[in-house]
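Remember, it's a predicted structure, so these values are computed and weren't measured experimentally. Lettering of chains follows the sequences in order, A, B, ..., and the numbering in each one begins at 1. As a basis for the values below, the full set of heavy atoms in this structure was taken, side chains included, without hydrogen atoms, waters or symmetry mates.
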2 protein chains.
Amino acid sequence: MLNFHVMKEGKPTTIKEIAKRLKISPSTVSRALNGHPSIGLVTTMRVKQVAEELNYEPNQTAIFFKQRKTFTIGVVLPRLSEPFFAEAISEIENVANERKYTVIMGQSLDDQDRERRILQTLKTHRVDGLLMSIGKNTHDYSFVEWLESANIPVVFFDCVPDVDHTYQVVSDLTAGMFEAIDLFVSCGHRAISLINGPVKRPESRERETAYRKGLERQGISFEQAYVVHTDLTQQGNEAAIAQLLTLPDRPSAVVSFNDYVTLDVMKAVRQRGLTLNQDIHFISYANYPLWKYMENPPMASIEQFPGKQGKKAAELLFELMEAKDKPQPSKTVFKSRLIHQNS
Amino acid sequence: MLNFHVMKEGKPTTIKEIAKRLKISPSTVSRALNGHPSIGLVTTMRVKQVAEELNYEPNQTAIFFKQRKTFTIGVVLPRLSEPFFAEAISEIENVANERKYTVIMGQSLDDQDRERRILQTLKTHRVDGLLMSIGKNTHDYSFVEWLESANIPVVFFDCVPDVDHTYQVVSDLTAGMFEAIDLFVSCGHRAISLINGPVKRPESRERETAYRKGLERQGISFEQAYVVHTDLTQQGNEAAIAQLLTLPDRPSAVVSFNDYVTLDVMKAVRQRGLTLNQDIHFISYANYPLWKYMENPPMASIEQFPGKQGKKAAELLFELMEAKDKPQPSKTVFKSRLIHQNS
DNA sequence: CTGTTAGCGCCTTCAC
DNA sequence: GTGAAGGCGCTAACAG
């Protein structure tokens, strides 16, 4: 267990004091404290001894200043209250912690201006590196170049900008979609719908492509009416499912954009008197941690491994920060996996 | 929208460069940049002009060093993946953000040693202030004195140490418990149980006291058998409800320690073939954001307002940091409130 | 092995 | 109004 020494004095001891006491030079003290090999064992011991007594603690702000390094990484993400990001940053913090770094974080709340302000602040604070998941409304990617010119290494994760020559860690939504459709088909479903997100978002496009291919693989023909979009608001989600339920050949299986959509949709379905996992079945993206407690959870979830993504992104960032010459820009892809609920 | 100027150079411009270009002294530049009144309007303008052109950005690490201030506050809490803390830190970040401060955070994961290590790191990073919710296993409060001697103002929130002369922001669990019991009684329940947390934890004691008083207010006599404890593991939670269900006069209503306990307990109840909100009713602490989607949520939740707590704690901290002479140690109490689920 | 010197970038007396 | 000088605490190049 660590020991906390309580100092009486207000003024923190400096390297100079120690030097004075020992009648040696500050540099020697500095070297001794940093285990420099060229310092005699005795001196080193004596210095450490006195440092201990005086309860010396190096003034990191001075060191940061001198070394042009802050041992701090910044994390910018949309919002912490999304379990996905909470989980991701949790792992990031772990990785940073192991390496004696601290984490400064900022939530963009999907507001582009706010996001830029956070970047400014983090730059001002001279973070040594940056992890970032961009907001849903960010379409101006000029900040990438700006960060580059400021020499701040960045790794994007999850929600990444459409810019070349960047480091990215993402999850491949396709694999999960295939698994989802395969599962549905193996359970006898043919009328499989997709409740997708906003049309402009890249994730939506990726999902739709995967959905089409997934059907094709199974020899099911694509029908436009089976794909609906939501703006991700509650109203939008309800409208989306409403639209599907009025189809002449009502879908018996639905893949939906994410768990929040699914929650709204399932509730709407219940309220219409349909029985979940009987009249209609769901699979959605994200794997909200609480599904396992629900009476009628989705059949399965397409897990995106926020923890793994965060960890990997952080590790990659540290590599970048340590590397003399930057490795090639890279894109790490984690295959999403279908997780079956065993309720 | 903010504008990002992209610099070609790697070396950030300093105050000196500007001075050189203008053939004036660095001090003048410094003063001009800081709007010092004694500088001529023209010079000021010209300085700002050049600063703009050269894309000058003050080196904060130098300023931190000189001013002995980092414009950074630390937040230590058990784990981000708990929605309560995610919500709290989210608000904290907001408050800090408004004041141009950044937030460094660390998760103790309820590990006392890890918690201390985080405190060390934060102190090393010279945070200007600290917000802290202590871990469940922290019983050694010596760090309080240690922080005090290091002159780092601290505000504790939610899970606070049992130490006098500290600043605390907490929620009063009693009010919610009373409301809960009143609600149960008004629905005709008499056999009301409490699934409490570990005996040693202060929150458990507080809950039990409130529970007793709550019953008393309603003229119901306290029975020891109706109070069971869980160690908050899944097994513990299941054991707790199992114990209650074997009572001769099975309780029809249960207040439980928190939502995680309730989730396990409700699941166990379902698995025994009992019907939720019919055979047995629940109220629990915390108001997990997803209750509203569940088919059979608890009747109500005792909301502890993590956002409000976080915000208040942060504001209090800023007061402390700005104050010349510290205000009296204080304990801000937010009354918990019963939130009815309208499923 | 150890001491001397210098300087990181900025601010702030103290002079003029 | 402006400049010169010094220093925050620490490290590192250069001398011994």
**Asked** Hey, are Ser25(A) and Thr28(A) close enough side-chain-wise for a donor-acceptor pair under 3.5 Å?
**Response** yes
**Message:** Side chains of Thr138(B) and Glu115(B): any donor to acceptor distance under 3.5 Å?
**Reply:** yes
Under a 4.0 Å heavy-atom cutoff, the residues of residues 34-47 of chain B touching DNA chain C are Asn34(B)
Rounded to whole Å, the CZ-C1' distance (Arg126(B) to dC8(D)) equals 12 Å
- Distance below 4.0 Å between Thr28(A) side-chain N/O and dG3(C) OP1 or OP2: yes
Any N/O pairs under 3.5 Å between the protein and nucleotides 13-16 of chain D? List them or say none.
unit_1  : atom_1 : unit_2   : atom_2 : d
dA13(D) : N6     : Arg31(A) : NH1    : 3.1

(Q) Using a 6.0 Å cut-off, check whether atom NZ of Lys20(B) has over 12 heavy atoms from anything other than its own residue. (A) no
Is the shortest distance from a Lys or Arg side-chain nitrogen in Glu315(B) or Lys311(B) to a carboxylate oxygen in the other one below 4.0 Å?
yes
Measuring to OP1 and OP2 of dG9(C), would you say a side-chain N or O of Tyr56(B) lies under 4.0 angstrom away? no
**Asked** Any side-chain donor paired with an acceptor under 3.5 Å for Ser142(B) and Arg116(B)?
**Response** yes
Leu33(A) CG to dT2(C) P, in whole Å, measures 14 Å
(Q) Does this structure show an ion pair linking Glu53(A) with Arg46(A), if we count only N-O contacts that are shorter than 4.0 Å? (A) no
Does Lys100(A), at its NZ atom, have more than 12 non-hydrogen atoms belonging to other residues, nucleotides or ligands within less than 6.0 Å? no
(Q) Under a 3.5 Å cutoff, is there a donor and acceptor pairing between the side chains of Ser27(A) and Ser30(A)? (A) no
When you check the side-chain N and O atoms of Ser90(A) and Gln107(B), is any donor under 3.5 Å from an acceptor?
yes
Comparing nearest nucleotides in DNA chain D, the 5'-proximal residue of the pair Ser30(A), Ser25(B) is Ser25(B)
Just wondering, more than 12 heavy atoms not from Asp162(B) lying within 6.0 Å of its CG?
-> no
The correct set of residues in residues 58-73 of chain A placing a heavy atom under 4.0 Å from DNA chain C is Phe65(A), Lys66(A), Arg68(A)
* **Under-4.0 Å side-chain N/O to phosphate OP1/OP2 contact, Lys23(A) with dG3(C)** => no
| message | Quiz question: by atom type and distance under 3.5 Å, do the side chains of Gln328(B) and Ser330(B) form a donor-acceptor pair? | response | no
